[in-house]
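I have placed the structure first, in the form of structure tokens, so that the comments after it can refer back to it.
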Amino acid sequence: MKDASILLLPGDGIGPEVVTELRKVMDWFSSNRGFNFTIHEDDLGGAAYDRYGTPLAEETLARAKQVDAIVMGSVGGPKWDNVERHLRPEAGLLTLRKELDLFANLRPATCRPALASASSLREELVSGLDILILRELTAGVYFGEPRGIETLADGRRRALDTQVYFESEIERLLHAGFELAGKRNGKVHSVEKANVMETGVFWREIATRVGKAYPEIQLEHMYADNCAMQLVRAPKQFDVIATDNLFGDILSDCAAMLTGSLGMLPSASLGALIDGKRAALYEPVHGSAPDIAGEGKANPLATVLSFAMCLRYSLDSNEEADLLEKAVDQVLDNNIRTIDIAASGVDPVSTSEMGQALLTALDSLNHSQ
Ligand code: IPM
Ligand code: MG
């Protein structure tokens, strides 16, 4: 699909810097690969709160429902720490996920060859690592009701969140997990806490049942705490990890770090296929990193790689997705690194120098094809 409407939501912190580099990459694809992008740009999160008084404006949401794909930077920052919870930057992102029913969050943790030595684990544990965390994104404890902080009649205060899952919500996530594993290495780890949580017992029961429809896929059940341990002990045992919203949030940060830097990891949040169309939001796994915002230190590669996922999953352009991923590898092979992944003794490049290096790599790969 070469004609595509894309909503860009740079967000907060380093979001605008990394999305600026992405725009250059998108322009490159327009000029060199015949894409015709209609780009809309809007605020989300804290930036939207400052401008519209809400972290996700009605018009932004309406636009999000129209476009072929959304690409986001990041949201959040200390500036909005004291804002009421429903108006916080994160609430804008959660509402967007919920409203578009983006239940399947794909977080691939791939260790790019040039970065194996940047991992906090020994190189042999992570080199060649290729796992996919599939996180349920629209239900569970991040959305469950009742929730709140309350004062009881006797004056004691308490806080409460609710972990709740409908059968259908678990089922559809697991189907996605088995289907993805079928295109990868044929293994699903279904991760929960069936030893202490009712939702965990339920999750395991459904995973076992759904798994029967995929006899060629190997299914293993694993407790979430054990999974965290196994991820740093022997990460290559995993292929697809299918898990709920909370565990997926935590385990994906952990898996990300195995690959060298949180600044490298992309994600795709996908809805169901309805009338031939699938709602999709692409975003880096990293946060808004307010401590380095505006300093030109941010690594734009996670956002660029998220766009590669967009090319693959929303725009049916596998060839271009491969090209973009190859360009990233080439840049890294040439030792062009932002500070988060810089090798010792090599001066790190800035965010925009990284963007420029990508364009150069794209040009050279394009000509050699
Ligand atoms: C993530 C983030 C978000 C989440 C925040 C920003 C709401 O941590 O995408 O992993 O908790 O889902
Ligand atoms: Mg997170």
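Read the numbers this way: they start at 1 and go in the same order the structure lists the ligands and their atoms.
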Report whether any nitrogen, oxygen or sulfur of Asp249 sits less than 2.8 Å from the Mg ion (ligand 2) (N, O or S, backbone or side chain). yes
Can you tell me if Arg107 has a non-hydrogen atom under 4.0 Å from ligand 1? yes
Using atom types as modelled and distance alone, determine if a side-chain donor or acceptor of Arg135 lies under 3.5 Å from a backbone N or O of Asn245. yes
Please test Glu283 against Leu93 for side chain to side chain contact (heavy atoms under 4.5 Å, CB included), starting from the C-alpha separation and ending with a verdict. CA-CA 11 Å; Glu283 53 171 315; Leu93 176 57; 4.0 Å; yes
Could an N or O of ligand 1 be found under 3.5 Å from any N or O of Asp249, whether backbone or side chain? yes
What heavy-atom pair brings Leu173 and Ala242 nearest, and what distance separates the two atoms? CD1-CB, 4.2 Å
Atom CG of Asn226 and atom NZ of Lys193: how far apart are they, to the nearest 0.5 Å? 9.0 Å
Note: ligand 1 atoms sitting under 4.0 Å from heavy atoms of Glu90 are 6 (C), 7 (C)
Determine, step by step, whether Ile131 and Leu231 satisfy the side chain to side chain contact (heavy atoms under 4.5 Å, CB included) criterion, reporting the C-alpha distance in whole Å, the side-chain angles of both residues, the deciding distance to 0.1 Å, and the verdict. CA-CA 10 Å; Ile131 62 187; Leu231 271 173; 3.7 Å; yes
Going by the side-chain contact (heavy atoms from CB on, under 4.5 Å) test, name the single residue among Leu219, Leu134, Thr243 that passes it with Ser190. Leu219
Below the 3.5 angstrom mark, is there an N/O of Tyr142, backbone or side chain, next to an N/O of ligand 1? no
Quick check on contacts: which atoms of ligand 1 are under 4.0 angstrom from a heavy atom of Arg135? 1 (C), 4 (C), 9 (O), 10 (O), 11 (O), 12 (O)
Under 4.0 Å, heavy-atom basis, I'd like to know which part of Met72 is in contact with ligand 1: side chain, backbone, both or neither. neither
Quick one: look at Arg97 and ligand 1, take heavy-atom pairs under 4.0 Å, and tell me if it's side chain, backbone, both or neither. side chain
